[in-house]
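Notes follow the structure.
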Amino acid sequence: EQQCYRIIEEALNNVVRHAHAHHLRVECHPTGRGLTFVVADDGQGFAVATEPPPGHFGLIGMRERAQLIGGMLTVRSRPDHGTTIQLLWPGERTLV
């Protein structure tokens, strides 16, 4: 739960710091035993395939956190078309 919170927190911080968005949508939906979280904006977007600028580790950290909890993070964005971050969290899991 803490990792999900931190991922969503970072997604929201990125909207505030970088997107220059006019609108923001945050959703949470049950999926089986887990949850799907979506953070979407209508901001400036970016080319997902490019490396982040030096010193910018937000997306890397979000992906690492998702992996730690057995989740999947999807980032969809294009310049001038906003960004959508989706986190699929399968729910509680037993660590081995």
Side-chain angles (χ1 to χ4, degrees):
E1 293 168 356
Q2 183 70 24
Q3 298 298 342
C4 288
Y5 173 81
R6 294 294 179 206
I7 292 168
I8 301 307
E9 178 181 45
E10 181 63 25
L12 294 171
N13 283 332
N14 285 344
V15 172
V16 171
R17 282 189 223 132
H18 306 295
H20 306 288
H22 292 105
H23 298 94
L24 168 69
R25 185 178 82 246
V26 179
E27 300 175 5
C28 177
H29 306 281
T31 353
R33 293 186 338 196
L35 295 170
T36 297
F37 299 93
V38 177
V39 176
D41 68 65
D42 65 350
Q44 67 183 13
F46 62 98
V48 176
T50 61
E51 290 291 316
H56 291 251
F57 303 105
L59 286 175
I60 294 168
M62 291 166 65
R63 285 191 171 104
E64 288 175 356
R65 287 178 185 275
Q67 192 173 34
L68 283 172
I69 59 173
M72 184 171 63
L73 188 80
T74 304
V75 179
R76 290 186 305 272
S77 186
R78 295 190 341 215
D80 300 322
H81 289 87
T83 301
T84 299
I85 305 284
Q86 180 177 342
L87 171 63
L88 300 174
W89 178 51
E92 294 299 321
R93 70 177 196 149
T94 305
L95 298 177
V96 180

| request: Can you run down the salt bridge (Lys or Arg N to Asp or Glu O under 4.0 Å) pairs that involve residues 72-90, sequence neighbours left out, and say none if there aren't any? | output: none
| request: Drop me the distance from D41's CG to L24's CG, to the nearest 0.5 angstrom. | output: 6.5 Å
| said: Any non-hydrogen side-chain atom of I7 less than 4.5 Å from a side-chain atom of V39? | reply: no
| said: Any heavy-atom pair between the side chains of L87 and R65 that's under 4.5 Å? | reply: no
| Can you get from V38 to L73 by hopping between Ile, Leu, Val, Met, Phe, Trp and Tyr side chains that sit under 4.5 Å apart? | no
| request: Could you tell me whether H22 atom NE2 has more than 12 heavy atoms of other residues or ligands within 6.0 Å of it? | output: no
| Where is the tightest heavy-atom contact between G45 and S77, given as atom of each residue plus distance? | CA-OG, 3.3 Å
| query | Is it the case that one hydrophobic cluster holds both F57 and V75, taking links as side-chain heavy atoms less than 4.5 Å apart, direct or via other members? | reply | no
| request: Would you mind reporting whether E64 and I60 have side-chain heavy atoms less than 4.5 Å apart? | output: yes
| query | If every non-hydrogen atom of C4 is compared with every non-hydrogen atom of F37, which pair is closest and at what distance? | reply | SG-CE1, 3.9 Å
| task | Rounded to the nearest 0.5 Å, what's the gap from CG on L68 to CD on Q2? Could you check? | result | 12.5 Å
| request: Quick one: pull up CG in D42 and OG1 in T84 and give me the separation to the nearest 0.5 Å. | output: 10.0 Å
| query | Are I85 and L59 close enough that some pair of their side-chain heavy atoms sits under 4.5 Å apart? | reply | yes
| said: Just verifying a value: how many Å separate M72 CE and W89 CH2, rounded to the nearest 0.5 Å? | reply: 15.5 Å
| query | Judged by atom type as modelled, is there a donor-acceptor pair below 3.5 Å linking the side chain of T31 to the main-chain atoms of T36? | reply | yes
| Considering all heavy atoms, the nearest N14-M62 contact | ND2-SD, 4.0 Å
